[in-house]
Amino acid sequence: MMKKPLLQRYSRSERINHWVVAVCFVLLAISGLAFFYPAFFWLSNVFGTPQLARMIHPIVGVVMFVGFTVQFFRYFRHNFINKEDVKWMLAVRQVLKGHEVGDIGKYNGGQKAMFWVMTLCMLVMVVTGLIAWRPYFAPHFSIPVIRLALLFHAWSATILIASIIVHVYAAIWVRGTIRAMIEGVVTQHWAKKHHPRWYREMMQKAEQHQTEEKTPE
């Protein structure tokens with residue numbers, strides 16, 4: 001059986017970076033729910049004990065923020081929304097039925113929206129998290145400021161958790177997407193169907209590379 005031709009979508013370092021952020025997010029979401037909702041307090045045992053959870057939660061938060069910062073500078077230039085993305089967003093029902101819309105680049109409108117939502121939520125959470133971080137930073141702020149920080153922290157976390165659930169669901173829904181972040185590759189058919197402009201760019205680069213190899217020095 002012939003293997004389908006593949007395209008490199010993510011390097012090893014990109015995939016490691018992604019999964020570090022993903023694991024940190026899961027740990028933070030679990031422990032954060034334990035802190036804010038009494039019914040979920042038992043989840044604080046994710047780090048061993050509730051006391052350890054309160055100590056480790058902000059540290060893991062810093063690790064996730066640093067990891068996402070690396071991702072931001074890697075991908076932000078691919079995530080500016082254009083008219084093709086708007087067309088994709090307006091036709092999302094058709095997309096869910098398997099009919100791709102628009103000349104999509106490396107990321108579609110949904111992925112770009114997710115990128116900017118995550119960026120905003122990350123900024124809010126790191127600032128508010130530092131304000132509420134005892135015993136290091138919280139003593140420098142008044143109680144009303146800390147309360148507001150915790151409120152915005154919780155709102156941002158809730159929005160991010162909901163967005164990530166949609167993100168994961170979309171990755172499962174579109175067959176071949178998860179493979180990109182596990183193995184780093186996608187089939188040419190997948191790329192041509194879901195990201196036609198990116199597919200053309202990659203094929204053009206491959207042709208240029210082959211031409212350069214054949215050209216004698």
Side-chain angles (χ1 to χ4, degrees), residues 9-76 79 110-111 113-173 177-184:
R9 188 156 172 84
Y10 296 110
S11 65
R12 180 177 296 178
S13 64
E14 287 178 298
R15 300 198 304 276
I16 291 172
N17 190 179
H18 172 273
W19 290 113
V20 167
V21 173
V23 170
C24 287
F25 167 78
V26 172
L27 293 174
L28 291 168
I30 292 172
S31 53
L33 287 171
F35 299 151
F36 282 95
Y37 300 99
F40 294 126
F41 187 71
W42 58 276
L43 291 174
S44 60
N45 292 318
V46 67
F47 290 120
T49 67
Q51 293 77 15
L52 276 174
R54 289 197 177 276
M55 291 172 58
I56 298 174
H57 180 92
I59 296 172
V60 175
V62 171
V63 173
M64 183 172 79
F65 180 76
V66 171
F68 180 75
T69 300
V70 174
Q71 288 183 319
F72 177 85
F73 286 107
R74 269 178 167 161
Y75 306 130
F76 79 93
N79 281 281
Q111 291 169 315
M114 175 63 204
F115 178 85
W116 293 113
V117 167
M118 193 169 183
T119 297
L120 180 60
C121 288
M122 284 284 189
L123 286 172
V124 172
M125 286 193 294
V126 75
V127 172
T128 55
L130 288 173
I131 291 172
W133 193 350
R134 297 180 184 276
Y136 304 107
F137 302 102
H140 300 291
F141 299 93
S142 65
I143 295 301
V145 170
I146 293 173
R147 287 174 176 170
L148 279 175
L150 289 171
L151 180 63
F152 284 112
H153 196 83
W155 282 351
S156 297
T158 301
I159 293 170
L160 185 58
I161 289 171
S163 300
I164 292 294
I165 289 172
V166 174
H167 175 67
V168 172
Y169 180 79
I172 295 172
W173 182 271
T177 302
I178 293 179
R179 181 184 185 182
M181 199 48 76
I182 294 176
E183 300 178 25

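In this text the structure is predicted, and so the values were computed from the model without any measurement.
Residue Phe47 holds its CZ atom at 11.5 Å from CE of Met55, rounded to the nearest 0.5 Å. Here CZ of Phe115 is found 5.0 Å from CZ of Phe68. Values are rounded to the nearest 0.5 Å. His140 NE2 to Trp133 CH2: the interatomic distance, rounded to the nearest 0.5 Å, is 12.5 Å. In this structure, the separation between CD1 on Ile161 and SG on Cys121 is 10.0 Å, given to the nearest 0.5 Å. To the nearest 0.5 Å, atoms CE (Met125) and CE (Met64) are separated by 4.5 Å. Note that CZ of Arg12 and CG of Asn17 are 14.5 Å apart. Values are rounded to the nearest 0.5 Å.
Under 3.5 Å, the side chains of Ser11 and Arg74 contain no donor-acceptor pair of N or O atoms.
For the pair Tyr37 and Leu43, the minimum side-chain heavy-atom distance is 4.5 Å or more.
Of the residues listed (Val127, Val124, Ile131), the one engaging Phe152 in a side-chain contact (heavy atoms from CB on, under 4.5 Å) is Val124, and it is the only one.
Atom CH2 of Trp173 is surrounded by 12 or fewer heavy atoms from other residues, nucleotides or ligands within 6.0 Å.
Of the possible polar contacts, one joining the Trp19 side chain to the Met181 backbone as a donor-acceptor pair under 3.5 Å is found.
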With side chain to side chain contact (heavy atoms under 4.5 Å, CB included) as the test, would you mind laying out the steps for Met118 and Leu160 before giving the verdict? CA-CA 6 Å; Met118 193 169 183; Leu160 185 58; 3.8 Å; yes
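The six-membered or imidazole ring of Phe35 lies away from that of Phe40, with a centre-to-centre distance of 6.0 Å or more.
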